[in-house]
Amino acid sequence: MQEQQEQRKSTDLICFWSFSLLQGFFFCVSIYALLNGNPNKLGLPFDPDHSSCGFDLEQYKYVYFTTPSNNFLYRTVCLSECPNKQYITKLQCSPNSIVKSCQINPSVTNISESILAYPSEAYNSQICLPKNPDYLNEIKEYIVPSVNQRLGSGLRDLKWIILGISLISVIISVIVLLFIEKYGTRIFWGYFAIIVLSLFSLCFLSAQQYYQSQEQLVLDQQLETNKILSFANSLEISQKLYQIVIIISIIAVILSIVYAIYLKSQTILLNSFIKVGGDFIKSNITCIIAPFLGAVIIMLYSFVWIEQQLYLLSNLKFQDNKYPYFQLNLTSEDQALIVINFLIYIWTLVFIIGLIEYLTSGMVCEWYYQQGNRVNFEKKNVLSNLIKYHIGSVALGSMLITTFKFIKQILNTTKLCQGFQNRILLAISKHNYVIMNIQPNHFLDCGIIVRELIIKEIDTYNKIGELGQTFLEISRLSMALCCQSICMLIIQDHPYSIILSLYCFVIAYSITSLFISVYGQSSEAIYMLYLYSQKHLSQEDNPQCTITLQLVFNQLNDNINQMQ
């Protein structure tokens, strides 16, 4: 820890510039979307001249089918109010190139020029739906917006709910962080209860909407108007999503219960693991400032990203089509921008989490080698080293760790490809941030050191790694699922509530990761420092590990000996 600062140099700088260029691209796309899109048009019907009812034609917000007969459903017009009786002489409409007059002419000989009046009622503040079942049956397939428009309009209307649920995740995370050491194992089992309840609620809500949509799909033309109104909200994609969520939720509940039973025997060890991080946090309570700042940045960035998605989804091009909801579509270029910007968004989220993990690792290093002595404790060195030298390594590390995270979990579970795991995957972990604070190396160079340290203590590491990752993932997953369930409960009437609630899950998962990583990263960083000190420092320079940590090692050794 006493190495001269001039020994340090910028590491993995190319990754920092790549990340910066992608952020520049992200904001250039935002400007492009802002200039070309308009979320207010999402989900609105259009007349045959591509004028939106309620926006371009502000006083005429209802689309009306003047000739509700097959092959003539393109004959629409925008009305200021829906007619509620059959015997009227003129519509309150805005004429267009197809419907050139608002005068009723039911007796015209050419049906392609007819303008009929029929009793109707306003639906979704957009459509004049006929009360005549035959007319309803004719138009029902033409009154549902495209998937992109439905998603976009839902996101537009619900974005503040999604961000509000994200704020709830901050509050929950702070409460957990403050009480986790005192009620360690109780909170951990509470996580499992939250997961099971959240999954049950998701399963219940999905099943409820699935069966509702099933009933809607078997409607025939004799059904009442209000039931056919419900039909307009049902889409085949929703049914498939409901089925998938129901199956996944049931499987996840069973696995959660089985895993909870398995971990019951590790309660004492798990409690000790939590207290390891608690030793550091009690001495450095200001370490929770970084997650707060990270959460604020994530919420602001998420707001920008959601707005960007809205403007991109509304940057629609007119097609050779005159039906009210099928005139617009996304170009392949805009679809590619949406996918690319989603990947940039994910990288940004994990990059922010990586920054917090690096800062936590650096503060743990200072605390560990000073054994809690706050004399000459300069947190600014950790931050300045990050900004001056290692921000590129964090950009690289966050991307690699996220990419290989699921591969590592699968290999750990299946016990496959142990050689690949020991040679490659052990060198790609957040432990590298700890070594990076001690030695001024690149991310992968630090990974080589980490791998050597771990392989010599592989049994102990596997045990601690299993507990550590279990604790972190269960914490993140439980709070993210809780926020998603709350979100889905609030917006359950929307046909794409499942997809829209995933926005809540992603943001909540990222925010809770910031706070929970303070405990998880500090505990694992202390363990890595202990291994590093045993190998690289002399007996005089090697500080004694904390009492709590020694208790953990003793418990681990006892467990491993019993297993052998």
Side-chain angles (χ1 to χ4, degrees), residues 1 3 5 7-20 23 177 277 280-281 284 286-298 301 346-369 377-405 427-450 453 468-469 472 476 510-529 532:
M1 294 302 296
E3 104 281 347
Q5 292 301 319
Q7 292 179 342
R8 289 188 178 269
K9 60 182 180 180
S10 296
T11 56
D12 302 306
L13 198 57
I14 188 173
C15 290
F16 170 71
W17 290 118
S18 299
F19 181 79
S20 300
Q23 292 302 316
L177 192 64
F280 162 73
I281 293 176
N284 305 276
T286 55
C287 67
I288 65 174
I289 294 176
F292 266 114
L293 295 176
V296 171
I297 294 172
I298 284 179
Y301 195 86
I346 295 298
W347 190 7
T348 304
L349 294 186
V350 298
F351 173 72
I352 295 171
I353 295 172
L355 292 177
I356 304 306
E357 291 174 340
Y358 176 91
L359 292 173
T360 302
S361 299
M363 295 174 67
V364 169
C365 289
E366 294 285 353
W367 171 80
Y368 183 83
Y369 285 105
F377 184 74
E378 298 182 5
K379 301 183 185 66
K380 63 181 182 180
N381 287 344
V382 179
L383 182 59
S384 63
N385 285 344
L386 169 64
I387 296 173
K388 291 179 182 178
Y389 307 113
H390 301 306
I391 196 165
S393 292
V394 174
L396 173 63
S398 61
M399 178 180 63
L400 292 179
I401 291 170
T402 304
T403 302
F404 289 97
K405 177 180 179 180
I428 302 175
S429 71
K430 57 187 179 179
H431 302 315
N432 298 16
Y433 298 143
V434 180
I435 306 302
M436 201 180 301
N437 277 280
I438 303 173
Q439 296 186 6
N441 293 334
H442 295 266
F443 179 82
L444 293 178
D445 292 336
C446 294
I448 295 173
I449 298 174
V450 168
L453 295 174
Q469 291 304 315
L472 291 175
R476 296 164 177 165
S510 303
I511 290 174
T512 54
S513 294
L514 295 175
F515 291 91
I516 298 303
S517 289
V518 174
Y519 255 99
Q521 184 68 7
S522 59
S523 299
E524 295 185 9
I526 291 173
Y527 175 63
M528 290 306 301
L529 289 170
Y532 180 86

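No experiment lies behind these values; they were computed from the predicted model shown.
Across all their heavy atoms, Phe443 and Asp12 have their closest contact at N-OD2, 3.0 Å. Of all the heavy atoms in Ala290 and Leu359, the pair that sits closest is CB-CD1, 4.5 Å. Here the closest heavy-atom approach between residue Cys15 and residue Ala395 is recorded as O-CB, 4.1 Å. The minimum heavy-atom distance between Val434 and Leu529, with the atom names listed, is CG1-CD2, 3.7 Å. Of all non-hydrogen atoms in Val450 and Ser429, the two that sit nearest each other are CG1-OG, 4.3 Å. Heavy-atom minimum distance, Tyr433 versus Val394: OH-O, 3.8 Å.
Under the side-chain contact (heavy atoms from CB on, under 4.5 Å) criterion, Ser522 pairs with Phe280, Thr360, Val364, not counting sequence neighbours. Considering only residues two or more places apart in sequence or on other chains, Asn441 meets the side-chain hydrogen bond (donor to acceptor under 3.5 Å, both in side chains) condition with Gln439. Annotation: side-chain hydrogen bond (donor to acceptor under 3.5 Å, both in side chains) contacts of Ser361 (sequence neighbours excluded): Gln521. Legend: residues meeting ring-ring contact (aromatic ring centres under 6.0 Å, His included) with Phe16, ordered by chain and number and at least two apart, are absent. When the side-chain hydrogen bond (donor to acceptor under 3.5 Å, both in side chains) test is applied to Ser513, the partners found at least two apart in sequence or on another chain are Arg476. Remark: Thr11 pairs with His390, Ser393, His442 by the side-chain contact (heavy atoms from CB on, under 4.5 Å) rule, at least two apart or across chains.
The side-chain heavy atoms of Gln23 and Thr348, taken from C-beta on, include a pair separated by under 4.5 Å. Ile14 places none of its side-chain heavy atoms less than 4.5 Å from the side chain of Leu396. Using a 4.5 Å heavy-atom threshold, the side chains of Tyr358 and Asn385 count as touching. With contacts defined as side-chain heavy-atom distances shorter than 4.5 Å, the pair Ser510/Ile352 does not qualify.
Note that the CE atom of Met528 and the CD1 atom of Ile526 stand 13.0 Å from one another [nearest 0.5 Å]. In this structure, CZ on Phe351 lies 12.0 Å from CE on Met399, to the nearest 0.5 angstrom. Here Trp347 contributes atom CH2 and Ser18 contributes atom OG; the two are 6.0 Å apart, rounded to the nearest 0.5 Å. The distance from atom CD1 of Ile449 to atom NE2 of His431, rounded to the nearest 0.5 Å, is 14.0 Å. In this structure, CD1 in Ile346 is found 11.5 Å from OG1 in Thr403, a value given to the nearest 0.5 Å. Note that the OG1 atom of Thr402 and the CG atom of Leu349 stand 9.5 Å from one another [nearest 0.5 Å].
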**OP:** Could you give me the CA-CA distance, side-chain angles and deciding distance for Ile435 and Leu453, then say whether side-chain contact (heavy atoms from CB on, under 4.5 Å) is met?
**Re:** CA-CA 11 Å; Ile435 306 302; Leu453 295 174; 4.3 Å; yes
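Checking side-chain atoms of Ser10 against main-chain N and O of Lys388 turns up a donor-acceptor pair under 3.5 Å. The closest donor-acceptor contact from the side chain of Asn437 to the backbone of Val382 lies at 3.5 Å or more, if one exists at all.
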When the side chains of residues 291-298 are checked against the rest of the protein, which donor-acceptor pairs come out under 3.5 Å, sequence neighbours left out?
none

